[in-house]
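Chain letters run A, B, ... following the sequence lines, proteins first, then strands; residues in each count from 1. Please read all numbers here as calculations on a predicted model, not as lab measurements.
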There are 2 protein chains.
Amino acid sequence: MSETREKIISLADKLIRVNGFNAFSYKDIAQPLEMKNAAVHYHFPGKTDLGIGVINEELYRFTQQTHKWQKLPEDEQLKHFIDVFRKHCHHGNICLMGSLSPDYNTLAPDMQLKVQEMANAILQWLSACLDAGRKHKRFKFKGSAEDRALLIITNLQASLLMSRVLGNTIFSRISHQLLDDILI
Amino acid sequence: MSETREKIISLADKLIRVNGFNAFSYKDIAQPLEMKNAAVHYHFPGKTDLGIGVINEELYRFTQQTHKWQKLPEDEQLKHFIDVFRKHCHHGNICLMGSLSPDYNTLAPDMQLKVQEMANAILQWLSACLDAGRKHKRFKFKGSAEDRALLIITNLQASLLMSRVLGNTIFSRISHQLLDDILI
DNA sequence: AAATTTACTTACTTACTGGTAAGTAAGCAA
DNA sequence: TTGCTTACTTACCAGTAAGTAAGTAAATTT
């Protein structure tokens, strides 16, 4: 992938997380990278293409990271997962799901599908992690691993939203209590 | 309050929940209400005034409803609270916090303050409800009532977001498991 | 009856949106 | 050296954003 393309995706990712998908324009990409509006259109003909590019990059990073953790005990894997959110919180970012799902109705169908794909990928990994962790006596929780994954992912997503409004202590409190609930 | 003003706030509330604050325009308010762009500006000079109007209305409804429930056992109160989210989910809406917090950085300072006020009002009520419910042996949970309130409110907020992307069954699964976790 | 206020409409401005068409300089390949 | 591709720039488009100034008809107050 070309360097310019990478820079555009990286900046778009940041802008989506900080201001939202509908709140940035091609100008916000072009100006900081010292190029013209149309140069961004050259790499990503439409805003939808750019959005899909950002999600694909996120999906790639996610599979790379989880693959790196796969030999670790499940509680360690979960802590790494939470740490990804912690870092985003520290940088004032929210997660892509938290940013794109409120705007979901305004997104083009292709991009809606990509958001779905991302949601499913994260939920599947987390469900599997929780299921294996319970079998290995590292987690305890009621109900199915899938439902527990939904509870945890919603905690993490919205903790970034709440942190933005009420301050970063919110994230620590949520992530701490979350772990305390399921760790043995 | 004038009838037109009420209609504008009601429609703006819907548009914020369905498309987001930055994704609707004065035209989207004026056209369906069969008035001109400038008539909306007459009632709400700036978009910020409109946003604050919507939040004030929501705060008013929230205090009215919780007041109506105050004599009920705490588990009943919590179920009513969850039902408010369930109804929004059913109508394809997300909650105001879930819609406004991703756009928080793009909001004017007065409106940011209003969003904070709303977040605090909801958290305070839920914390008090959980605290009293535990004392009356209707709830059981680890940690402080404030932290538990954060976990539950993030579950509910993000469950509406996830439902939008993956379908309404998500909400039922989360709300069910949520109650199962803390009800005695 | 006159003055004022309310609730608008008409007509507009400024700024920006995503997007496109046409051109160009540099590099590479046959 | 010709032709083609890459990575842009310049210049522009139609549409839409929030917002405003001036006018008006009807109701309300004095």
Side-chain angles (χ1 to χ4, degrees), chain A residues 1-16 18-55 57 99-100 102-112 114-115, chain B residues 1-16 18-55 57 99-100 102-112 114-115:
Chain A
M1 193 169 27
S2 88
E3 203 192 325
T4 307
R5 204 185 139 90
E6 274 177 54
K7 278 185 189 165
I8 292 172
I9 283 189
S10 169
L11 181 52
D13 179 281
K14 181 74 185 170
L15 287 166
I16 290 172
V18 173
N19 290 332
F21 188 72
N22 288 323
F24 80 90
S25 71
Y26 275 65
K27 185 200 69 189
D28 300 318
I29 301 279
Q31 242 171 30
L33 298 182
E34 287 170 306
M35 48 170 64
K36 300 296 152 163
N37 204 321
V40 186
H41 280 287
Y42 168 76
H43 290 280
F44 300 95
K47 212 179 171 184
T48 295
D49 304 294
L50 179 49
I52 289 174
V54 168
I55 300 178
E57 181 64 24
S99 178
L100 294 175
D103 294 342
Y104 192 76
N105 293 330
T106 72
L107 304 178
D110 325 10
M111 197 169 159
Q112 290 185 335
K114 263 289 158 201
V115 174
Chain B
M1 192 170 28
S2 90
E3 203 192 323
T4 307
R5 204 186 138 91
E6 274 177 55
K7 279 184 188 164
I8 292 172
I9 284 189
S10 169
L11 181 53
D13 179 282
K14 181 74 185 171
L15 287 167
I16 290 172
V18 173
N19 289 333
F21 188 72
N22 287 324
F24 81 91
S25 72
Y26 275 65
K27 185 200 69 187
D28 299 317
I29 302 279
Q31 243 172 29
L33 298 182
E34 285 169 307
M35 48 170 63
K36 300 295 153 160
N37 205 321
V40 185
H41 279 287
Y42 168 75
H43 290 280
F44 300 95
K47 211 177 171 186
T48 295
D49 305 292
L50 180 49
I52 289 174
V54 168
I55 300 178
E57 182 64 23
S99 178
L100 295 174
D103 294 343
Y104 191 77
N105 293 330
T106 72
L107 304 178
D110 324 12
M111 197 169 159
Q112 291 185 333
K114 264 291 158 198
V115 174

Enquirer: Taking the axis from the first five pairs and the axis from the last five, what angle separates them in the helix from dA1(C)-dT30(D) to dA30(C)-dT1(D), rounded to 10 degrees?
Expert: 0°
Enquirer: Taking N or O atoms only and anything under 3.5 Å, show me the protein contacts with nucleotides 9-12 of chain C, one pair per line.
Expert:
{"from": "dT9(C)", "atom 1": "OP2", "to": "K36(B)", "atom 2": "N", "distance (Å)": "3.1"}

Enquirer: Enumerate all atom pairs, one protein N or O and one N or O from nucleotides 14-16 of chain D, separated by less than 3.5 Å.
Expert:
none

Enquirer: Does Y26(A) have a side-chain nitrogen or oxygen under 4.0 Å from the phosphate oxygens OP1 or OP2 of dG19(C)?
Expert: yes
Enquirer: Are the side chains of T4(B) and L33(B) in contact, using a 4.5 Å heavy-atom criterion?
Expert: no
Enquirer: How many whole angstroms separate atom CD1 of I29(B) from atom P of dA18(D)?
Expert: 10 Å
Enquirer: Anything under 3.5 Å between a donor and an acceptor, one on a side chain of residues 40-51 of chain B, the other on a protein residue two or more places apart or in another chain? List them.
Expert:
{"from": "H41(B)", "atom 1": "ND1", "to": "P45(B)", "atom 2": "O", "distance (Å)": "2.9"}
{"from": "K47(B)", "atom 1": "NZ", "to": "F21(B)", "atom 2": "O", "distance (Å)": "2.7"}
{"from": "K47(B)", "atom 1": "NZ", "to": "F24(B)", "atom 2": "O", "distance (Å)": "2.7"}
{"from": "D49(B)", "atom 1": "OD2", "to": "G46(B)", "atom 2": "N", "distance (Å)": "2.7"}

Enquirer: Is any side-chain heavy atom of L100(B) closer than 4.5 Å to a side-chain heavy atom of M111(B)?
Expert: yes
Enquirer: Whole angstroms only, please: what is the CZ-C1' distance between R5(B) and dT6(C)?
Expert: 14 Å
Enquirer: Starting at CG of D28(A) and ending at P of dA15(C), how long is that distance when rounded to a whole Å?
Expert: 17 Å
Enquirer: Rounding to an integer number of Å, can you tell me how far F21(A) CZ sits from dG18(C) C1'?
Expert: 11 Å
Enquirer: What is the distance, to the nearest angstrom, from the CZ atom on F24(A) to the C1' atom on dG18(C)?
Expert: 11 Å
Enquirer: Roughly how far apart are I52(A) CD1 and D110(A) CG, rounded to 0.5 Å?
Expert: 4.5 Å
Enquirer: Can you tell me which residue among N37(A), I9(A), L11(A) is in a side chain to side chain contact (heavy atoms under 4.5 Å, CB included) with I29(A)?
Expert: L11(A)
Enquirer: Would you name the heavy atoms of P102(A) and P102(B) that are closest together and state the gap between them?
Expert: CG-CG, 3.7 Å
Enquirer: Mind calculating the distance between CG (L50(B)) and C1' (dA17(D)) to the nearest angstrom?
Expert: 15 Å
Enquirer: Atom CD1 in I16(A), atom CG in D103(A): separation rounded to 0.5 Å?
Expert: 9.5 Å
Enquirer: Who pairs with K36(B) by side chain to side chain donor-acceptor pair (under 3.5 Å), at least two apart in sequence or on another chain?
Expert: none
Enquirer: Using side chain to side chain donor-acceptor pair (under 3.5 Å) as the criterion, list what pairs up with N19(B), not counting sequence neighbours.
Expert: none
Enquirer: Quick one: side chain to side chain donor-acceptor pair (under 3.5 Å) pairs with a partner in residues 21-31 of chain B, sequence neighbours left out?
Expert: N22(B)-T106(B), S25(B)-D28(B)
Enquirer: Holding to side-chain contact (heavy atoms from CB on, under 4.5 Å), I want the full list of residues that pass it with V18(A), two or more places apart in sequence or in another chain.
Expert: K14(A), N93(A), N105(B)
